[in-house]
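What follows is one structure encoded as structure tokens, with my remarks underneath.
Letters A, B, ... are given to chains in the order of the sequence lines, protein chains preceding strands, and every chain is numbered from 1.
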Amino acid sequence: MIVKGARVLDGSANAMMKGKGTEDDRPWQSYHTVYTTAKAGMELVDKEKVQRVVYEMSKGSKYFQNEERKEAFIKQKIDNLRIQCANLTQEDLAHYQKVADRRIVELEASRDLSRIWLHVDMDAFYAAVETLSNPTLKGKPMAVGSMSMLSTANYEARKFGVRAAMPGFIARKLCPELIFVPTDFKKYTYYSDLTRKVFGRYDPNFIAGSLDEAYLDITEVCRERNVKSEEIAQELRAGVYEETGLTCSAGVAPNRLLAKVCSDINKPNGQYVLPNDRMAVMTFVSSLPIRKIGGIGKVTEHILKGVFGINTCEQMLEKSSYICAFFSQSTADFFCSVGLGLGQTDSPQVRFRKSISSERTFSATKDEVLLHKKLEELAEMLSADMQKEGLSGRTLTLKLKTASFEVRTRAVTLQKYISSSEDILKHAKKLLQAELPISVRLIGLRVSQFNGDKCSAKSDPTQKTITNFITSGDVNRNCSSFPDVADHDFVSNAETDMSIDSRQTGQLDWRDPFDGNYLSDVDYQSCTVQKSDGVEEVQTSSNDATSSHYSGLTEVLGSTSYLGQVEGINVKNGSNLLEDERLDSCCQEKTMLWLNDYKCSLCGIELPPSFVEERLEHSDFHLAEKLQKEESSIHQKSVPSQSKGQKDGVTRQSKSKKQKLSQKEGSYTPIDYFFVKK
DNA sequence: GCGGATCAC
DNA sequence: TATGGTGATCCGC
Ligand SMILES: Nc1ccn([C@H]2C[C@H](O)[C@@H](COP(=O)(O)OP(=O)(O)OP(=O)(O)O)O2)c(=O)n1
Ligand SMILES: [Mg+2]
């Protein structure tokens with residue numbers, strides 16, 4: 001790791017440099033947006049034209065200037081890394097090559113080709129739903145969203161380069177005929193429920209991700225019915241179409257990471273099966289661009305490409321020595337596993353939300369009276385959302401986006417847990433006050449550190465928790481798991497050792513997406529426990545070689561999917577009591593959850609979320625039943641409270657992290673520790 | 001515990 | 001005219 005002379009900069013990195021004068025002649029080429037990255041339905045678009053239009057429409061704006069600032073920062077990091085890279089000696093490289101080779105062997109040993117995973121993703125979901133309600137939109141370019149921002153666009157619009165996350169006014173420039181339709185979440189949730197009923201036929205414990213996608217372990221169905229995965233995929237897609245009138249695409253592979261990639265291959269209305277065969281997987285992955293992997297986003301792609309010349313998954317292995325030299329072990333493991341086509345194959349665990357927030361964008365202002373009003377509204381919205389789920393927390397974070405698009409967050413951790421709008425507002429005001437005067441275009445409030453959360457408490461594995469109850473009751477992966485974190489520190493020790501400008505290098509870390517983010521709100525909502533004080537976590541003992549972390553989106557979904565589907569209804573709604581006491585008293589084994597958001601965890605009856613009244617009645621029924629039992633069996637609280645369940649969950653999380661860590665130090669199953677950070 | 005950042009939908 | 005909202009996690013402090 002000593003930095004010395006011999007330069008070993010790899011040639012492909014040089015290939016990335018642009019020719020002289022290019023930027024001056026075609027400035028739009030240097031404005032990197034996400035709009036030109038591969039996306040279904042955009043294969044034939046004239047990317048150059050789109051890039052040019054986006055550039056022309058954005059140029060000079062505050063938004064644009066901020067993007068330029070961020071890009072310059074990343075570029076500098078890349079330059080620094082390249083220098084570090086060039087300074088590696090042959091000895092350094094030889095050393096890291098050994099480390100990498102050893103790691104790759106370990107990862108390979110963890111490969112599990114015994115499961116068959118299917119990832120299903122609806123086609124242009126919001127847009128497709130809108131077209132169902134208004135058939136006259138059929139065949140015309142249309143987008144869901146506003147002139148400021150689009151949620152998605154149908155395939156006709158995509159031919160023009162119009163896509164999700166693009167401002168509507170730019171989309172209209174690309175496609176003057178574009179029809180705008182406002183978003184209507186109720187509709188999307190309704191149709192999402194319908195699709196999930198179909199998914200449940202093939203895997204009752206499917207992992208729901210966002211509203212429009214899910215992972216199914218179809219190993220058993222294929223075996224029991226003695227049919228090929230391809231037929232299951234066909235049948236499932238036909239079923240979804242029959243029930244909803246919507247088309248979807250599916251991907252089948254030995255693990256979730258690859259299944260997710262596969263579902264995108266023949267989208268829309270198509271499917272792709274990657275057989276459970278090592279050679280097939282290796283071939284598939286060899287030419288696969290790393291950007292297709294869940295968790296590898298724009299920045300990560302730029303860095304890997306710019307510093308090491310890595311474009312495909314296969315190159316992750318070719319450059320494994322560099323990867324091991326520059327990244328934390330967890331990150332290196334993740335990258336190498338991507339090169340091997342490994343991904344999670346186990347059943348995820350359930351996780352519960354760790355924060356709840358509300359934010360709004362408005363025209364920039366520095367009018368303090370106005371800002372206070374916005375803050376008040378947010379406090380009320382947030383408080384209402386928290387009460388719906390019986391949450392209270394002790395950390396409040398204020399988020400501000402300045403008129404120049406810079407984002408700032410300011411947080412305070414209180415002694416007591418709060419949930420009322422008054423309490424939230426009181427503390428939020430103080431945080432805001434300290435930033436004044438300031439011109440902002442967005443204000444957000446977030447509450448975390450919930451009552452019931454335990455930071456590092458240890459749980460007694462022998463204890464019977466709701467979690468266990470549920471698990472045994474067969475919830476399993478339905479309730480998905482969270483993503484564990486994945487973050488990597490991009491820059492690794494090597495960098496640190498080399499003493500790079502800490503300002504830049506210091507932060508190259510990025511998190512791995514794999515874990516976590518994938519989940520969407522929706523999921524969350526469905527996953528959260530309503531009207532309950534605590535939440536519990538359903539957990540399965542998954543000990544796949546591949547640990548939860550690394551699998552990218554899959555994991556993200558998987559891990560993230562909080563389950564989108566577990567909705568628990570709980571007994572008392574403890575308003576803000578003291579954590580432990582309240583928790584302990586409130587829940588029991590009888591906690592009821594809506595698995596996958598439609599099936600009762602206690603009796604199996606199916607009731608979609610839209611059946612609000614029916615659900616309430618149903619939960620009341622179980623509640624009454626439970627209370628009755630409680631009375632009869634006097635004390636006997638063998639089962640921990642719901643909150644406790646949550647605690648356990650949290651605990652578990654930390655535990656798993658520790659495990660990973662220790663593995664790291666020792667020499668253990670690799671994947672398990674992907675993403676573990678030093 | 002705080003702040004900044006990435007990623008996903 | 002105009003570039004979203006929600007959630008998770010990480011690392012370095
Ligand atoms: N930045 C984004 C991306 C997506 N979505 C919403 C709208 C999409 O309809 C839905 C599903 O996201 P997908 O990435 O699956 O995109 P689509 O389903 O619209 O298109 P497709 O899956 O066919 O590519 O999530 C959003 O609000 N904001
Ligand atoms: Mg989709």
Does [X] put a side-chain nitrogen or oxygen below 4.0 Å from OP1 or OP2 of [N]?
X	N	answer
Arg410(A)	dG4(B)	yes
Lys401(A)	dG5(C)	no
Ser357(A)	dG7(C)	yes
Arg353(A)	dT6(C)	no
Thr361(A)	dG5(C)	yes
Ser355(A)	dG7(C)	no
Arg172(A)	dT1(C)	no

Please tell me which of Asp212(A) and Arg69(A) maps to the more 5' nucleotide of DNA chain B, matching each residue to the nucleotide holding its nearest heavy atom.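 The residue mapped nearer the 5' terminus is Arg69(A).
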Residue whose closest nucleotide on DNA chain B lies nearer the 5' end, Arg446(A) versus Val412(A):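 Result: Val412(A).
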[X], nearest nucleotide to its side chain (from [options]):
X	options	value
Arg394(A)	dG7(C), dG4(B), dG1(B)	dG1(B)
Thr395(A)	dA2(C), dC2(B), dG5(C)	dC2(B)
Thr409(A)	dG3(B), dT6(C), dG7(C)	dG3(B)
Lys399(A)	dT6(C), dG4(C), dG4(B)	dT6(C)
Val299(A)	dG1(B), dT6(B), dT6(C)	dT6(B)
Arg291(A)	dA8(B), dG1(B), dA2(C)	dA8(B)
Ser148(A)	dT6(B), dC2(B), dA2(C)	dA2(C)
Thr300(A)	dC2(B), dT6(B), dG4(C)	dT6(B)
Ala165(A)	dG4(C), dA2(C), dC9(B)	dG4(C)
Arg360(A)	dT6(C), dG7(C), dT6(B)	dT6(C)

Do Thr331(A) and Ser328(A) have side-chain N/O donor and acceptor atoms under 3.5 Å apart?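 Looking only at side-chain atoms, Ser328(A) and Thr331(A) do form a donor-acceptor pair, the distance falling under 3.5 Å.
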Using the ring of each side chain (for Trp, its six-membered ring), is Phe185(A) parallel, tilted or perpendicular to Tyr126(A), with breaks at 30° and 60°?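 Phe185(A) vs Tyr126(A) ring planes: perpendicular.
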Starting at atom CZ of Phe185(A), determine the distance to atom P of dG5(C), rounded to an integer number of angstrom.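 After rounding, the gap between these two atoms is 11 Å.
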Tyr215(A) OH - dC9(B) C1' separation (whole Å):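 It works out to 12 Å between those atoms.
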To the nearest 0.5 Å, tell me how far Thr300(A) OG1 sits from Ile74(A) CD1.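 Rounded to the nearest 0.5 Å, the OG1-CD1 separation comes to 9.0 Å.
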Checking Lys260(A) against Asp264(A) for the salt bridge (Lys or Arg N to Asp or Glu O under 4.0 Å) test, could you report, in this order, the C-alpha distance in whole Å, the side-chain angles of both residues, the deciding distance, and whether it holds? CA-CA 7 Å; Lys260(A) 167 88 174 154; Asp264(A) 208 52; over 6 Å; no
Reference residue Met122(A); test side-chain contact (heavy atoms from CB on, under 4.5 Å); the match among Pro268(A), Ser210(A), Cys248(A), Ser192(A):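 For Met122(A), the side-chain contact (heavy atoms from CB on, under 4.5 Å) test succeeds with only one of Pro268(A), Ser210(A), Cys248(A), Ser192(A), which is Cys248(A).
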